[in-house]
Amino acid sequence: MPSSLTHLDDDGRARMIDVGAKPATRREALARGRMVTTAEVVRLLVADGLPKADALATARIAGIAGAKRTSDLIPLCHPLPIDAVTVDLRPSDGTVVIEARVSTTGRTGVEMEALTAVTVAGLTLHDMVKAVDPGATLTDVQLVEKTGGKHGRWTRDQVHAAPEAPRHGGGRVLVVSTGAAAGTREDTTGARIVGWLREQGLETPDATVVADADVAAGLRAAIADGPEVLITTGGTGPSPTDRTPEATAALLDRPLPGVAEALRTRAGTPTAALGRGTAGLANGTIVVNLPGSTGGVDDGLTVLADLLPHLRHQIRGEADHDHGAHQSAPHPAS
């Protein structure tokens with residue numbers, strides 16, 4: 001009887017699948033695991049106080065490297081041109097949650113690459129903490145979701161492919177500030193942007209505040225909610241902790257570099273040139289990074305007041321008569 005497992009032939013022997021006839025599509029996978037340790041170890045991890053320093057950074061890099069070497073470690077996996085790998089480690093109480101998201105444009109999925117990234121990151125973290133907690137446990141390694149290919153989108157709660165989640169529309173604001181997230185610094189930008197979006201007719205809840213280290217997860221959660229517009233504030237400078245542009249770029253389907261350049265060019269201060277904010281479309285959501293200062297936000301909203309209405313019309317596929325007339329009007333004769 002023929003085998004229903006794709007990696008076995010009719011005689012039950014292992015084989016590598018021929019994917020040459022499959023179309024190349026955008027594919028992505030998210031995997032997750034947990035390192036269970038002690039509250040004291042987690043405190044040392046956050047404070048960078050372990051005998052082997054830079055434990056979280058080392059585990060993150062190891063996870064990325066593991067994803068890229070998956071086909072060397074698992075015999076029947078295809079070597080893939082990986083587009084992006086992000087590995088997030090979130091310490092909390094006596095655990096560290098490890099998440100890896102891998103994307104490619106190819107003929108087969110990246111589930112194994114995401115799972116390998118989580119596993120290698122977790123094993124590396126175990127190596128870093130074993131001197132103080134040899135009983136630490138890596139557990140619950142699992143595929144959370146995947147997209148692309150003929151089966152579309154799959155999540156852990158679904159057995160079969162499912163349609164995309166409904167878009168809730170409106171606006172969302174993500175404040176990226178470690179101090180504001182910890183309650184040691186007052187945020188002065190989120191409420192400004194929320195108020196501005198509401199003035200544009202976009203139903204917008206109060207801003208969400210995340211630490212710099214959690215910006216990637218915060219962005220994914222906000223985009224998953226299906227807003228029409230997502231504006232972030234903070235984390236766009238050259239500081240080592242500023243990660244907003246990188247986290248945003250990893251999620252964009254279509255970058256809009258002209259928007260980001262307009263925000264920098266038209267800003268009212270020379271230091272705007274140091275900003276690294278980006279803009280683009282992520283699963284149909286317009287995403288724009290603004291600086292973390294009130295002046296930078298005010299300048300950015302002034303620019304967006306001109307750009308956002310036209311951009312919203314274009315994303316919807318609607319005719320923008322005023323904008324078209326402005327573009328096509330003939331120049332007066334000289």
Side-chain angles (χ1 to χ4, degrees), residues 28-70 73 82 84-103 110-145 156 174 176-179 181-182 208-222 224 234-235 239-251:
E28 191 172 278
L30 172 66
R32 181 183 298 134
R34 290 191 306 136
M35 168 70 75
V36 180
T37 179
T38 68
E40 175 61 16
V41 168
V42 170
R43 186 190 68 79
L44 291 171
L45 279 169
V46 174
D48 196 17
L50 289 167
K52 293 183 179 180
D54 299 324
L56 293 174
T58 302
R60 184 177 297 110
I61 293 170
I64 294 171
K68 296 192 291 185
R69 297 295 298 273
T70 299
L73 300 171
I82 292 177
V85 182
T86 59
V87 178
D88 294 324
L89 295 98
R90 300 194 299 273
S92 177
D93 298 327
T95 65
V96 179
V97 176
I98 307 166
E99 283 192 350
R101 186 175 293 271
V102 184
S103 60
V110 284
E111 299 95 314
M112 296 310 303
E113 282 72 12
L115 289 164
T116 301
V118 169
T119 304
V120 173
L123 291 174
T124 301
L125 195 59
H126 193 290
D127 179 53
M128 304 296 275
V129 308
K130 66 184 181 184
V132 291
D133 182 18
T137 303
L138 177 63
T139 186
D140 298 332
V141 177
Q142 56 190 265
L143 182 67
V144 177
E145 65 180 27
R156 176 147 289 274
L174 185 69
V176 185
S177 168
T178 300
T208 299
V209 182
V210 298
D212 289 271
D214 298 326
V215 61
L219 281 165
R220 287 197 296 269
S239 167
T241 59
D242 290 332
R243 305 175 182 177
T244 304
E246 288 79 8
T248 302
L251 299 176

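Across Thr86 and Ala250, no two heavy atoms sit closer than the pair CG2-CB, 4.2 Å. The nearest pair of heavy atoms linking Leu125 to Ala55 is CD1-O, 4.2 Å. Looking at every heavy atom in both residues, Val215 comes nearest to Ala247 through CG1-CB, 3.9 Å. The minimum heavy-atom distance linking Ala114 with Ala29 is given by the pair CB-O, 3.8 Å. For Leu138 against Gly122, the heavy-atom pair with the smallest separation is CD1-CA, 3.9 Å. Here the closest heavy-atom approach between residue Gly235 and residue Pro245 is recorded as O-CD, 3.2 Å.
Arg34 CZ to Thr95 OG1: the interatomic distance, rounded to the nearest 0.5 Å, is 6.0 Å. Within the model, atoms CD of Glu111 and CG of Leu143 stand 6.0 Å from one another, a figure rounded to the nearest 0.5 Å. The line from OG1 of Thr116 to NZ of Lys68 is 14.0 Å long, rounded to the nearest 0.5 Å. With values rounded to the nearest 0.5 angstrom, Leu174 atom CG is found 7.5 Å from Thr244 atom OG1. Distance CG/Leu44 to CG/Leu50: 5.0 Å, rounded to 0.5 Å. The OG1 atom of Thr248 sits 4.5 Å away from the CG atom of Leu219 when rounded to the nearest 0.5 Å.
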### Query
After noting the C-alpha distance and the side-chain angles of Thr178 and Thr241, does the key distance pass the side chain to side chain contact (heavy atoms under 4.5 Å, CB included) rule?
CA-CA 9 Å; Thr178 300; Thr241 59; 5.9 Å; no
### Task
Take Thr38 and Asp133 through the test side chain to side chain donor-acceptor pair (under 3.5 Å) and record every step on the way to the result.
CA-CA 8 Å; Thr38 68; Asp133 182 18; 4.7 Å; no
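When side chains are defined from C-beta on, Arg101 counts as touching Glu145, because their heavy atoms get closer than 4.5 Å. Leu45 has its side chain out of reach of Leu89: every pair of non-hydrogen atoms, C-beta onward, lies at least 4.5 Å apart. The shortest distance between side-chain heavy atoms of Ile61 and Val87 does not fall below 4.5 Å. Considering only heavy atoms from C-beta on, Ile82 comes within 4.5 Å of Glu113 through its side chain.
Put simply, the side chain of Thr70 gets close to the backbone of Gly66: a donor and an acceptor are under 3.5 Å apart.
By the 4.0 Å N-to-carboxylate-O rule, Arg220 lies close enough to Asp88 to be salt-bridged with it.
When the shell of 6.0 Å around CZ of Arg243 is examined, it contains more than 12 heavy atoms from other residues, nucleotides or ligands.
Every residue two or more places apart in sequence or in another chain that forms a salt bridge (charged side-chain N to carboxylate O under 4.0 Å, His left out) with Arg32 is listed here: Glu99. For Thr58, the side-chain contact (heavy atoms from CB on, under 4.5 Å) partners at least two apart in sequence or on another chain are Asp54, Thr124, Met128.
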